[in-house]
> 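The following block contains the structure, expressed as structure tokens.
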Amino acid sequence: MSALFQLLHDRYGSEQDVRVDGNAVLESLLGHRSVRAFLPDDLPAGTLETLIAAAQSAPSSSNLQAWSVVAVEDQARRYRFADWTGGQQHIRDAPLLLVWLADLSRLERLGTQLGEPVAGLDYLDSFLMGVIDAALAAQNVVTAAESLGLGTVYIGAIRNRIDQVAAELALPAKVAPVFGLVIGHPDPTRPAAIKPRLPQSAVLHREQYAVSEQQSAVDVYDVVMRRFYTAQGLPPQAWSAHSVARVRGPETLYGRDRLREQIEALGFFIDN
């Protein structure tokens, strides 16, 4: 069995029709897994700077580069972030937390310096541009880190307490935390597994959006995920029920139901 065939099998929880030859890039991407068990070892010198170079190699809308990132290495600060995100131990254990930011402040300052209006920053699209640019840059870092033998896991719970995060990082106006990314050396005694994804028939549409195959794809996926959770020693549960429960109401958003008011408090105008 080829490495590509095995990775595709793990990614979808079943055999896949492989029609292309594998290569190192494909195998790295298909082998991605979220790591939540890290060794406390520091990253080699120059690793952070190399990862940021990879981040800056990602596409950027109109080359405006409307993102920034704060590297959090101080242990006490990482512990505070762990507390704010529900006690996620991997934030405490790993040596590096990157907090990714939608950053329109740089463009605003340039407008002031040049004596030019920047009213375009006060539209929803500009905020989305910063979020998208940050996400593209961060995913480049994930790929680069894994190529170096490191592990990563995203921290969406950064948005649970945006006001506290902004204060901790001394963010100026028009800079908003989007998500965190933990990076470190995976603990080899606690390896992470490849988590299966929805069948392609649920997410891949040709020419126009099609609903017809959605339910059958989800039904298949529920079976795959129950099998996966059982193999991981976790309570078997259907992805569909778990996912719907996650969006049941504001109480399941863990503070993110106040996201608009918190973002506006950081100097963004997103009603337009």
Side-chain angles (χ1 to χ4, degrees), residues 1-18 22 24-39 82 85-91 93-94 97-98 100 135-136 138-160 178-204 213-248 252-254 256:
M1 181 182 294
S2 71
L4 182 65
F5 185 94
Q6 182 62 58
L7 288 167
L8 283 166
H9 180 281
D10 293 343
R11 181 57 67 201
Y12 293 107
S14 64
E15 292 188 5
Q16 302 294 308
D17 184 12
V18 181
V25 174
L26 278 174
E27 291 174 9
S28 178
L29 291 171
L30 292 172
H32 166 75
R33 62 207 72 194
S34 293
V35 175
R36 293 180 174 85
F38 293 93
L39 301 175
T85 55
Q88 298 188 49
Q89 184 62 35
H90 36 277
I91 299 178
D93 294 340
L97 168 66
L98 297 179
W100 297 87
L136 294 173
Q139 190 55 33
N140 260 26
V141 166
V142 169
T143 302
E146 291 177 350
S147 77
L148 296 173
L150 301 173
T152 67
V153 63
Y154 281 107
I155 309 295
I158 287 291
R159 299 190 300 279
N160 291 6
V178 181
F179 49 79
L181 181 66
V182 168
I183 302 174
H185 299 277
D187 184 343
T189 68
R190 300 165 62 193
I194 294 175
K195 183 177 290 185
R197 296 294 196 241
L198 282 162
Q200 289 193 8
S201 57
V203 300
L204 173 61
E213 295 188 45
Q214 293 277 316
Q215 189 56 56
S216 60
V218 169
D219 290 343
V220 168
Y221 189 55
D222 279 343
V223 173
V224 168
M225 287 307 294
R226 286 194 188 97
R227 186 188 312 134
F228 174 80
Y229 287 129
T230 299
Q232 295 298 305
L234 300 170
Q237 56 182 327
W239 174 84
S240 54
H242 166 79
S243 299
V244 170
R246 178 62 178 79
V247 295
R248 181 178 293 121
T252 66
L253 300 179
Y254 304 104
R256 296 178 226 180

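One is the number of the first residue; the rest follow in order along the sequence.
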> To the nearest 0.5 angstrom, please state how far the OG1 atom of Thr85 sits from the OH atom of Tyr254.
13.0 Å
> So Phe179 and Arg159, do their side chains get closer than 4.5 Å, heavy atoms only?
yes
> Return all side-chain donor-acceptor pairs below 3.5 angstrom for residues 30-39, not counting sequence neighbours, or 'none' if the list is empty.
from, atom 1, to, atom 2, distance (Å)
His32, ND1, Glu146, OE2, 2.5
Arg33, NE, Gly31, O, 3.0
Arg33, NH1, Ala192, O, 3.2
Arg33, NH2, Gly31, O, 3.2

> On a heavy-atom basis, which atom in Ala202 and which in Ala217 lie closest, and how many Å separate them?
CB-CB, 3.7 Å
> With rounding to the nearest 0.5 Å, note down the distance linking CD in Gln16 to CG in Leu7.
12.0 Å
> Please report the shortest heavy-atom distance between Ser201 and Glu213, naming the atom on each side.
CB-OE1, 3.5 Å
> Which distance, rounded to the nearest 0.5 Å, do you find between the CG of Leu150 and the NE2 of His185?
5.5 Å
> With side chains defined as the heavy atoms from C-beta onward, is the minimum distance between Ile183 and Val141 less than 4.5 Å?
yes
> Apply side-chain hydrogen bond (donor to acceptor under 3.5 Å, both in side chains) to Ser243 and list each qualifying residue two or more places apart in sequence or on a separate chain.
Trp239
> Atom CD1 of Ile155 and atom CD1 of Ile91: how far apart are they, to the nearest 0.5 Å?
4.0 Å
> Run the side-chain hydrogen bond (donor to acceptor under 3.5 Å, both in side chains) test against Gln200 and tell me which residues pass, sequence neighbours left out.
Tyr12
> Indicate yes or no: at least one non-hydrogen side-chain atom of Lys195 is less than 4.5 angstrom from one of Asp10.
no
> If every non-hydrogen atom of Tyr221 is compared with every non-hydrogen atom of Pro199, which pair is closest and at what distance?
CB-CD, 3.8 Å
> Can you find a heavy atom in the side chain of Asp222 that is under 4.5 Å from one in the side chain of Arg226?
yes
> Tell me the closest heavy-atom pair linking Leu253 and Arg246, and the distance in Å.
CD2-NH1, 3.6 Å
> Just verifying a value: how many Å separate Arg11 CZ and Leu4 CG, rounded to the nearest 0.5 Å?
12.0 Å
> Once rounded to the nearest 0.5 Å, what's the spacing between atom CD1 of Ile158 and atom CD of Gln88?
8.5 Å
> Check Pro186 against Gly149 and note the closest heavy-atom contact, atom names and distance.
CD-O, 3.6 Å
> Without hydrogens or angle criteria, can the side chains of Gln232 and Thr230 be said to hold a donor-acceptor pair below 3.5 Å?
no
